[in-house]
Amino acid sequence: MSGKIPAPTSKNSAGYDFKSIEERWKKLWYDNNIYKAVDFSPKEKKYILAEFPYPSGRSVHVGHMMRYTMPDMYSRYLRMKGYNVLFPMGWDAFGLPAENFAIKTGTPPQEKIAELSKQYKQAMQDIGYGIDWDREINSTDPDYYKWTQWIFLRFYEAGLAEMREEPVWWSDKMKTVLAEEEVIKDADGNLVAERDGSPVRRRKLRQWVLKITEYADKLLEGLQEIDFQESIKKAQTSWIGRSEGAVVKFPIWTADGEKTDLQVETFTTRVDTLYGVTFLVIAPEHEIVENLKGLAKNTEQLQEYIDKVSQKTDLERQQNKDKTGVRLEGVYATSPIDETQQIPIFLADYVIATYGTGMVMGVPAHDERDYEFADKFGLTKPIVIVDKDGNKLEDLEEYGYLTNSKDFDGMSSEEAKEKITKMLEASGMGESKVTYKLHDWLFSRQRYWGEPIPLIHRQDGTVEAVAHTDIVDEVEKNLPVVLPRVDDYKPSEDGSSPLERATEWVQTVDSDGNPAKRETNTMPNWAGSSWYYLRYIDPHNDKEFADMEKMNYWLPVDKYFGGAEHTTLHLLYSRFWHKFLYDQGLVPTPEPYQWRMNGGILLGPDGVKMSKSRGNVVEPQKLLEEYGADLVRMALVFLGPYDGVYPYNKNSFDSCSRTVSRLLDLSEKVGNIENADDLMREKRIIHKALRAITNMYENMKMNTAVSEIMTAVRDLREFDTIDPEVWSILLRMAAPIIPFVTEELWQKSLGYPEWKNENSVHLQEWPEVDESLLQEDTVEIPVQVNGKIRGKIEIPIDADEETVEQLAKAEANVARYLEGNEIRKFIYVPGKIVTIVV
RNA sequence: GCCGCGGUGGUGGAACUGGCAGACACGUCGGACUUAAAAUCCGAUGGACGCAAGUCCGUGAGGGUUCAAGUCCCUCCCGCGGCACCA
């Protein structure tokens with residue numbers, strides 16, 4: 001070969017022409033839609049869902065492949081297992097990348113998305129995903145977002161969508177508002193937008209919110225019914241942040257001893273510590289401060305503090321947790337249970353305006369923060385909770401028994417909570433209450449590329465829906481509210497939407513025929529993805545978002561795969577939408593997803609997160625070019641478990657190449673075996689592998705499934721002839737992982753007949769394990785003496801304990817350790833192990 | 001600080017309900033084929049001692065339960081993810 005230039009070839013490292021093989025079968029599979037999901041099939045259904053991608057960039061990246069390949073293999077397995085499988089795909093295409101591209105180039109996002117989604121679909125077909133493309137959806141298609149808008153109107157009609165003027169997170173770079181969940185802390189601790197890392201600040205704007213807080217309890221309770229990873233349940237639970245407590249009101253008095261109408265309304269989870277209150281704290285941003293600061297004698301000083309706090313960045317506030325505050329001089333409060341007791345009031349920024357009531361009762365002896373504050377301001381710290389012997393508690397926030405609490409002395413914290421709350425309720429000075437950390441969902445964006453919010457602003461300042469969702473004619477006529485084409489996609493400096501400039505579109509008429517203006521804000525990126533799994537069920541329905549009978553058949557989603565970053569965003573939002581729709585009688589199940597697993601991350605070859613700037617990005621297109629789809633699929637899942645975080649490693653490709661190449665060698669040897677012994681051994685090999693691999697597919701452990709294939713192929717190599725039935729099992733069990741090569745070999749074994757769907761290896765029945773072949777007559781088990789393995793014995797599989805004991809004692813090395821000792825205990829775990837204690 | 005997940009050979013990772021730790025690979029070493037190399041094939045490969053049979057040690061550290069612990073319990077260390085002055 002020296003000196004010769006090799007002829008151009010599309011052979012890969014496994015030595016076969018993958019391109020022609022892949023082209024041939026790909027075309028037949030998708031032209032004939034062999035992966036069709038059949039509505040109402042008598043077969044049992046399985047709905048396998050992987051989060052639909054946002055088509056940005058040129059094509060799928062390796063992260064997508066990590067996310068979709070395993071679920072594809074799993075659904076292929078289920079299909080062969082005899083299930084009616086729905087494994088759909090679509091495009092979550094509203095949002096910033098297409099819009100930014102539009103701003104830069106003037107290309108309408110509609111066109112860009114059409115182009116990109118085509119490329120993505122092509123790439124997914126190239127990789128060989130078993131998707132029913134008749135159910136492809138696109139969240140930016142008006143036929144799709146018509147129903148996103150329709151559902152929004154349901155929320156609106158139910159009073160769960162509301163317009164509010166409120167301080168919101170704003171990104172100057174993106175010129176849009178962001179939901180609480182979309183703001184994160186970067187490496188330096190600065191608050192930034194999750195999407196692009198741009199800095200954010202608070203700004204007051206008129207915004208639409210969806211009242212997800214009204215579903216807080218339902219979202220929490222629902223978690224108990226579904227199989228999500230524990231980490232996901234915990235994350236959602238702490239995000240919702242439910243805490244039970246009580247509101248306690250403290251009347252406010254002026255310096256002259258006059259009682260005002262104002263009250264410091266605190267929220268506490270420790271109402272049992274009420275007798276330990278020595279001060280009250282109000283968040284400086286709280287609106288009541290406007291009314292209060294005038295009453296105090298130190299108005300100026302208070303204002304100074306308020307100003308200082310408002311200038312503090314959130315970063316400073318988080319980093320510097322030293323307690324600061326100012327007392328409202330002259331003003332004081334009294335205890336709701338004892339008006340003779342005067343309590344000072346402070347403004348302090350350790351209290352958060354947006355949580356609870358924005359005011360707290362300071363109980364320095366039993367709350368760490370209050371303790372620090374009291375320390376700083378020289379306040380007393382009366383102990384009101386002690387242990388049952390009346391001693392001081394080690395942990396100051398622990399529960400115990402009351403002391404210094406008048407009638408309640410000696411009562412347990414739990415009991416006192418109840419009794420004190422009752423007493424407060426009786427006097428109208430308090431009540432039990434539940435609060436949440438969860439905020440309502442900020443649902444409007446000042447951007448072009450999103451679903452228009454289907455509302456109209458009337459001349460009188462009121463708002464109306466473009467259609468009543470229960471009147472079919474209105475819905476038909478008025479939905480969707482289609483995004484108008486505009487010339488300029490740039491957001492406006494003043495925080496209004498670019499749609500504001502589409503004046504013709506904005507002008508409309510209300511239901512009375514009077515001129516009105518359309519709402520120009522659009523929905524956030526999360527809207528379309530909050531219900532897309534419903535649309536896959538009935539993607540072409542133009543009368544409803546999905547047919548109830550079909551939903552009844554397919555729901556809930558059996559397995560849902562996606563990214564960990566969606567735990568408190570998409571996964572919570574869509575559960576909220578679903579629960580709302582359920583309450584409206586529009587979907588048949590209380591939860592959308594029965595089971596969820598978050599995917600891991602593939603790091604660069606250097607073990608660091610892939611990034612363009614680091615130059616450690618693995619390009620799937622290049623991998624496909626070099627190795628072909630089968631090897632890429634196999635090698636990627638062989639790297640490690642689905643939810644793991646590990647580096648890309650070329651080794652995996654080398655070993656998978658070798659295995660596929662050996663598989664091809666085996667295919668040359670298929671024929672009838674004369675030697676009955678060999679046949680039996682082959683059968684044993686394949687059924688043992690089959691049993692293992694079935695279990696691994698079942699548990700979605702594709703990395704070990706690959707190793708089973710490797711082992712089976714290796715073990716079969718020693719035979720000159722491979723039995724056709726053994727071969728058939730091998731191909732079928734490898735088919736979900738390497739669909740192209742196995743199809744090629746399967747069709748070859750059939751003599752390449754004319755294509756028929758039912759001849760595809762992917763629609764064959766999953767082979768049954770023949771357990772009788774795997775029954776061994778004897779088994780080798782270890783013998784322990786005092787916990788250490790001292791020998792191994794061969795025993796008949798059904799040997800009784802006595803026989804085993806004889807054999808064990810007879811083993812030479814074991815005997816050495818038994819010599820001169822009395823056997824105190826003999827344990828035989830059948831078929832597993834023998835333990836002797838001396 | 002709180003919550004969750006994890007820590008296993010030189011490396012990626014296996015190990016179902018406690019029952020032979022290190023499957024399957026990569027790498028390394030040795031061998032076969034070759035003029036040579038690549039590819040391919042065969043063998044060895046946790047550490048220590050030993051010619052060997054075998055012995056001792058070994059799943060982040062320390063304790064415990066058990067005939068038996070990577071797996072269960074307690075304390076601690078480290079890494080990753082989430083939350084964080086949330087009353």
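So that the names make sense, note that chain A is the first sequence line, chain B the second, and so on, each numbered from 1. Quick caveat: nothing in here was measured; it's all calculated off a predicted structure.
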**Request:** Runs of at least three consecutive Watson-Crick or G-U pairs, both distances under 3.5 Å, are what I'm after; which ones involve RNA chain B?
**Result:** B:1-7 with B:77-83, B:10-12 with B:24-26, B:27-32 with B:40-45, B:46-49 with B:54-57, B:60-64 with B:72-76
**Prompt:** Is the distance from OP1 or OP2 of B:A68 to the nearest side-chain N or O of A:R790 less than 4.0 Å?
**Reply:** no
With sequence neighbours left out, write down each residue that passes side chain to side chain donor-acceptor pair (under 3.5 Å) with [X], or none if nothing qualifies.
{"X": "A:Y399", "value": "A:K417"}
{"X": "A:H570", "value": "A:Y560"}
{"X": "A:N695", "value": "A:N699"}
{"X": "A:T237", "value": "none"}

**Prompt:** What does nucleotides 82-87 of chain B look like as a protein-contact string, B for base, S for sugar-phosphate only, - for none, at under 4.0 angstrom between heavy atoms?
**Reply:** -SBBBB
**Message:** Return a single string for nucleotides 5-20 of chain B, one symbol per nucleotide in 5' to 3' order, where B is base contact, S is sugar-phosphate-only contact and - is none, cutoff 4.0 angstrom on heavy atoms.
**Reply:** -------BSSSB--BB
Scan nucleotides 45-53 of chain B against the protein and return all N/O pairs shorter than 3.5 Å with their distances rounded to 0.1 Å.
none

**Complete:** With the side chain defined as heavy atoms from C-beta on, A:R658 is closest, among B:C56, B:A25, B:U40, to B:U40
**Message:** Are A:F228 and A:W595, when compared by the centres of their aromatic rings, separated by less than 6.0 Å?
**Reply:** no
**Asked** With sequence neighbours left out, which residue pairs that include part of residues 810-838 of chain A fulfil the ring-ring contact (aromatic ring centres under 6.0 Å, His included) condition?
**Response** none
**Request:** Let me know the distance between CD1 of A:I693 and P of B:C24, rounded to the nearest Å.
**Result:** 14 Å
**Asked** Between A:L636 (CG) and B:C26 (P), how many Å, whole number?
**Response** 17 Å
**Request:** Nearest-nucleotide wise, let me know which of A:S655 and A:G787 is further upstream toward the 5' end of RNA chain B.
**Result:** A:S655
Please report, to 0.1 Å, the donor-acceptor pairs under 3.5 Å made by any side chain of residues 344-355 of chain A, with sequence neighbours excluded.
from	atom 1	to	atom 2	distance (Å)
A:D349	OD1	A:T324	OG1	3.3
A:D349	OD2	A:K312	NZ	2.9
A:Y350	OH	A:D370	OD1	2.8
A:Y355	OH	A:S243	OG	3.0
A:Y355	OH	A:T435	OG1	3.1

**Prompt:** Which parts of residues 807-818 of chain A get close to RNA chain B, meaning a heavy atom less than 4.0 angstrom away?
**Reply:** A:N813, A:Y817
Nucleotide N/O to protein N/O under 3.5 Å, stretch nucleotides 69-79 of chain B:
none

